[in-house]
J.: 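Have a look at this one before I ask anything.
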Amino acid sequence: MESILSKRVNRNETEIEIGNRKIAAHAFLYSPSTKILFNSIPMRYSIMMQIRFDGKIGFPGGLIDKGENIEFGLNRELKEEIGLEEKFYLDESNYVGSYVTPKLVDHFYVKEYFEKDLERIERGVLEAKDWGGETLGLLRVPVHTLHDNRKPLPAFLLHNFIADARDQLIHSIVDTDVLSESEMNNILVESQQLKD
Ligand code: GTP
Ligand code: MN
Ligand code: MN
Ligand code: MN
Ligand code: MN
Ligand code: MN
């Protein structure tokens, strides 16, 4: 977890680091879930991710245009990619930190919705402008525990994620207390073992 946490910086620290980097913003949208799998397993939470046009998994969001306000650009991308309605838009209070790579500064946001509202947002994805183009799949991240204490998250984390999306997922799951830091550490170990 150390290296993951240390990757995230505050927005004002990124201003000096921007240089030739592009600026983007993406968001972790989630809700509690009352859904029960196999009549016995609580699904616990719905966390929204997407399959992108390039085959990788990422969060909805995108590039901020030159001179565009970051939250304005984020909401514009969320409208284009998942059809997000204005009443569900994000604001500065949802900002959690920024991820800097040699090419990109990605401002990251987290927002919790009521279950009914996230389900409504999910249904709207098929109506979004970019559905079937930039966005080729809507998915929920598995954070439940199967029988015999088996967890699907270690396998899920072996998918191919775009840029810092995997770190953002791990980080946000811990930030939102969907899983504790020690549970997440065990999951990362298990995920690595599945790969070996
Ligand atoms: P266009 O509308 O086609 O311009 O794409 P976009 O504006 O939606 O941009 P996109 O979301 O594809 O990503 C912009 C940049 O952010 C690219 O450099 C991606 O590699 C990167 N990126 C995409 N998704 C994520 C994500 O979930 N997390 C992070 N950290 N970076 C991402
Ligand atoms: Mn995008
Ligand atoms: Mn886009
Ligand atoms: Mn793109
Ligand atoms: Mn765009
Ligand atoms: Mn686009």
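Computed from a predicted model, the values in this text were never measured in an experiment. Heads up: numbering here begins at 1 and tracks the sequence. Start at 1 and go down the list; that is how both ligands and their atoms are numbered. Heavy-atom basis, side chains included; hydrogens, waters and symmetry copies ignored.
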J.: Applying salt bridge (Lys or Arg N to Asp or Glu O under 4.0 Å) as the test, list every pair that has at least one member in residues 113-122; sequence neighbours left out.
T.: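 For residues 113-122, and leaving out neighbouring residues, the salt bridge (Lys or Arg N to Asp or Glu O under 4.0 Å) pairs sorted by first residue read Glu85-Arg120, Lys116-Glu119, Glu122-Arg140.
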J.: Check each of Lys111, Arg11, Arg76 against Glu71 using the salt bridge (charged side-chain N to carboxylate O under 4.0 Å, His left out) test, and report the only one that passes.
T.: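 Only one option passes, and that is Arg11.
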J.: The Mn ion (ligand 3) to Asp130: any N/O/S contact under 2.8 Å?
T.: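 No, Asp130 does not qualify, because none of its backbone or side-chain N, O or S atoms lies under 2.8 Å.
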J.: Quick one: list whatever passes side-chain contact (heavy atoms from CB on, under 4.5 Å) with Thr176, sequence neighbours left out.
T.: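 For Thr176 the side-chain contact (heavy atoms from CB on, under 4.5 Å) partners, ignoring immediate neighbours, are Phe28, Tyr30, Val110, Val178.
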J.: Counting heavy atoms not belonging to Lys35, are there more than 12 under 6.0 Å from its NZ?
T.: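 Open: at most 12 neighbouring heavy atoms sit under 6.0 Å from NZ of Lys35.
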J.: Any Lys/Arg nitrogen of Lys56 or Asp54 sitting under 4.0 Å from an Asp/Glu carboxylate oxygen of the other?
T.: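 No, Lys56 and Asp54 are not salt-bridged.
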J.: Identify, by name, the N, O or S atom of Glu81 lying closest to the Mn ion (ligand 2).
T.: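 In Glu81, the N, O or S atom with the shortest distance to the Mn ion (ligand 2) is OE2.
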J.: Is Glu80 close enough to the Mn ion (ligand 5) to have an N, O or S atom under 2.8 Å?
T.: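 False for Glu80.
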J.: Can you name the N, O or S atom of Glu134 that is closest to the Mn ion (ligand 3)?
T.: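 Considering only N, O and S atoms, Glu134 comes nearest to the Mn ion (ligand 3) through OE1.
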J.: With the Mn ion (ligand 5) as the point of reference, which N/O/S atom of Glu77 is the closest?
T.: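 Nearest N/O/S atom of Glu77: OE2.
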J.: Do any N/O/S atoms of Gly62 come under 2.8 Å of the Mn ion (ligand 2)?
T.: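 No.
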